[in-house]
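Structure first, commentary second.
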Number of protein chains: 2
Amino acid sequence: MKEDSLEITGYRFSAVAAGIKQPGSERRDLALICADRPATAACVTTTNLVCAAPVEITRERFKAGSCQAILINSGNANAVTGRQGIDDALVLLDQVAQHLNIDRRLVAPMSTGVIGAPLPVDRMRAAVPELVAGLDATKAPDVATAMMTTDTRPKTVLLNETIGGRSVRILGMVKGAGMIAPNMATLLAVALVDVRVEAVMLGKALRDATRNTFNAITIDGDTSTNDTVIALTGGAPFAEELGSDHDATQAFAGMLQTACANLARQVAADGEGATKLVEIRVRGARDKRDALTVARTIAESPLVKTAFYGQDPNWGRIIAAAGRSGVSFDPDRLDLFIDGIPVLKNGAPRSDEWEPQAAQAMKKREFFVLLDLNHGTAEASMLTTDLSEEYVRINAAYRT
Amino acid sequence: MKEDSLEITGYRFSAVAAGIKQPGSERRDLALICADRPATAACVTTTNLVCAAPVEITRERFKAGSCQAILINSGNANAVTGRQGIDDALVLLDQVAQHLNIDRRLVAPMSTGVIGAPLPVDRMRAAVPELVAGLDATKAPDVATAMMTTDTRPKTVLLNETIGGRSVRILGMVKGAGMIAPNMATLLAVALVDVRVEAVMLGKALRDATRNTFNAITIDGDTSTNDTVIALTGGAPFAEELGSDHDATQAFAGMLQTACANLARQVAADGEGATKLVEIRVRGARDKRDALTVARTIAESPLVKTAFYGQDPNWGRIIAAAGRSGVSFDPDRLDLFIDGIPVLKNGAPRSDEWEPQAAQAMKKREFFVLLDLNHGTAEASMLTTDLSEEYVRINAAYRT
């Protein structure tokens, strides 16, 4: 195994074309990740009241803190498919377990695609033998590709760190795009860890990492019916234990968050037609919740996003978004910076000198906006993109 | 005065080109509405924490329940302009009051356009004499045009009804577009009534009408820094009193709401690039607030709006939006109808027969979506449009 190849001890991968969306298509749309033995596992799933069959099954099966295989499909979300959706998924999982010769409760499903259409179970079941036969340590890139829907590229990350004298490796992959909005933007993410991490600690680390990364990018409306983040650890038979001392725990949580942050950034950057990746930082809020609400309102504002596209330092739109966020603050105490350039001080525009500088900063592919409410000590940030396509030109040009 | 001309006893109108956005432009951007005597008046203004100077002044001046003239400009919102913004507006209002020879406190401002830029006071002040000199009973259409920003057409309404044996006339005009989002979409509306209506009753009728009409269309994020709705009544020296008996009060409130509903519909229909006007009805909610929240979440969902554009009865997106609205309901009890055609019953898709019918219904320019939560007796509706432009084609085609 080469140090920089997309492989990780204890896990194998496979992907095949099952014709899920379109019979006969040669696009790979059914994938399998399999640990060499039952892995210690955790998951974070959508908060949407309407959640998909695979989400319900994954939640249930992960309660035991153990998982050995993940069956992933694109092309069909298996959401709002009622009892039939559950039954269909269970049939497929059983089929996979049988071919892997493992306990059926150790297989979890992930699905993404159209809502409300029944899974093409027969075509999918027919593909399982080939899928299992194809398992190989080198095929993680194929899985990352098979889980794509409107993503323009597969998204993976590989981290190596030494924690408490032990080498720790995390291989992550994610599927999700469409920051810019009109997209289901289901987010499916998998993090595979070679060392074994105790389940309760893993769950906490995964929830924290998700909140600070995947939940801090603006995918339309926060959460789809299928959003799922899964972590498996200790896939190899003699995988080392991470250990439970405080330092190791903290170091691992940080490493997991780094992996998730890397993947989240790739999702944001894959927004359709996005030309900018912008971090919205809010500080000086009364509490974290207020800070997040303001950051999210700005990050999701079509007005703000079209101004980013137009490279127009139209700060009026930014603070108008803050003003309608529902969070209480004093407009006369706002300080605003665009990529570090002071634009507003105490709610009033500075002299005109900043404008060409700010406009210049906004020509970069990545920059940040910092709004200080001067109302407290809490802060938060969100990652967003511009709104770039043809149809927004009229609005991007609104001030010119 | 012809019965169907856009005139109303007691009010005169004028509009001139003051070069507000661009010096020397011949586009009319400064307008005046003037009653023949102090009118009994009411206003409803934005709930945005960051509100414009004209909004602050209008709120203050309307406390007395009286107003004789409204100075309206497009091209500059006079928002986030600090103390200078207030001073600038007051200078202009004084100038208008002086030329009209009326009490300065009887003149109110309305502004729409760019945020954060100072008003070009000198150019505007220079235009006031011509503006006042041009006042004429027939020029309401000029005012409706001068207040436009990205609106594609002026929007007016004229209603005649008999209430308690008296003829009552309402002339309304509104400015606002950009349902589809990336637009400031400030909403400025004026309703002029020939009979005199008592101020407290007028205020209540205007608030109710606004809530059920202008606040029931999805303009991005609910409210801009400048949103203002003004009603003036009894502009003529010997205007009749409406009277305060219950029947007359109710009839007038209904008439005012009809006028506002007509204008709100015109605003929705003027959404940039909109090809559909869709009413989202939610019923069976626990309370009105829940019903509105669900309706609004659906109406503002880019996913739902692109499906409307694609004429795709993609009900999964509709109920996924409901599911993330934060309102609690049982997904297994949802009934969904597209333009009256039953699509979901008890949360499950009906047989496939409905699909071509629903797709056919969605080819119409106007249709409705009805979601029954079967959870209570409250209901609400929102008016929205599709998301139509070039950049959304990839998503509109997502299911095909």
Side-chain angles (χ1 to χ4, degrees), chain A residues 46-51 77 79-82 114-117 149-150 178 180-185 220-225 272-273 297 301-303 305-306 314-317 319-325 327-329 331-332 334 344 347-349 387-392 394-396 398-399, chain B residues 46-51 77 79-82 114-117 149-150 178 180-185 220-225 272-273 297 301-303 305-306 314-317 319-325 327-329 331-332 334 344 347-349 387-392 394-396 398-399:
Chain A
T46 183
T47 57
N48 197 311
L49 208 63
V50 179
C51 79
V80 203
T81 42
V114 179
I115 293 180
T149 52
T150 55
I180 278 199
N183 200 303
M184 186 40 83
D220 48 28
D222 298 6
T223 175
S224 86
T225 52
E272 281 141 22
T297 308
S301 161
L303 292 168
K305 289 157 81 91
T306 48
N314 190 334
W315 51 265
R317 293 183 177 184
I319 68 164
R324 68 170 164 81
S325 67
V327 170
S328 173
F329 60 83
D332 292 333
L334 295 179
L344 286 187
L387 195 54
S388 77
E389 305 281 343
E390 180 69 28
Y391 104 113
V392 302
I394 180 175
N395 300 290
Y398 185 48
R399 247 178 63 167
Chain B
T46 182
T47 56
N48 197 312
L49 208 61
V50 178
C51 78
V80 202
T81 42
V114 178
I115 293 181
T149 53
T150 55
I180 277 199
N183 201 304
M184 187 40 85
D220 47 31
D222 299 6
T223 175
S224 86
T225 52
E272 282 142 20
T297 308
S301 162
L303 292 167
K305 289 158 81 90
T306 48
N314 189 334
W315 51 266
R317 294 183 177 184
I319 69 163
R324 69 171 163 80
S325 67
V327 169
S328 172
F329 59 83
D332 292 334
L334 294 179
L344 286 188
L387 194 54
S388 76
E389 304 282 341
E390 180 69 28
Y391 104 112
V392 302
I394 180 176
N395 301 290
Y398 186 48
R399 249 179 62 166

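All values derive from a computational prediction rather than experimental measurement. Throughout, protein chains are lettered first and strands after them, A, B, ... in sequence-line order, and every chain is numbered starting at 1. Below, each value reflects all heavy atoms present in this structure, side chains not excepted, and no hydrogens, waters or symmetry copies.
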Structural part of S328(B) lying under 4.5 Å from a heavy atom of chain A: backbone

Closest non-hydrogen atom pair between V327(A) and L49(B), with its separation: O-CD2, 3.5 Å

Gap between atom CZ of R324(A) and atom OG1 of T225(B) - 0.5 Å precision: 11.0 Å

G116(B) to P349(A) - nearest heavy-atom pair and separation: O-CG, 4.2 Å

Residue list, side chain to side chain donor-acceptor pair (under 3.5 Å) with T81(A), at least two apart or on another chain: N78(A)

Nearest non-hydrogen partners of I319(A) and V50(B), listed with the distance: O-CG2, 3.5 Å

Minimum heavy-atom distance between A320(B) and N48(A), given as atom pair plus value: O-ND2, 3.0 Å

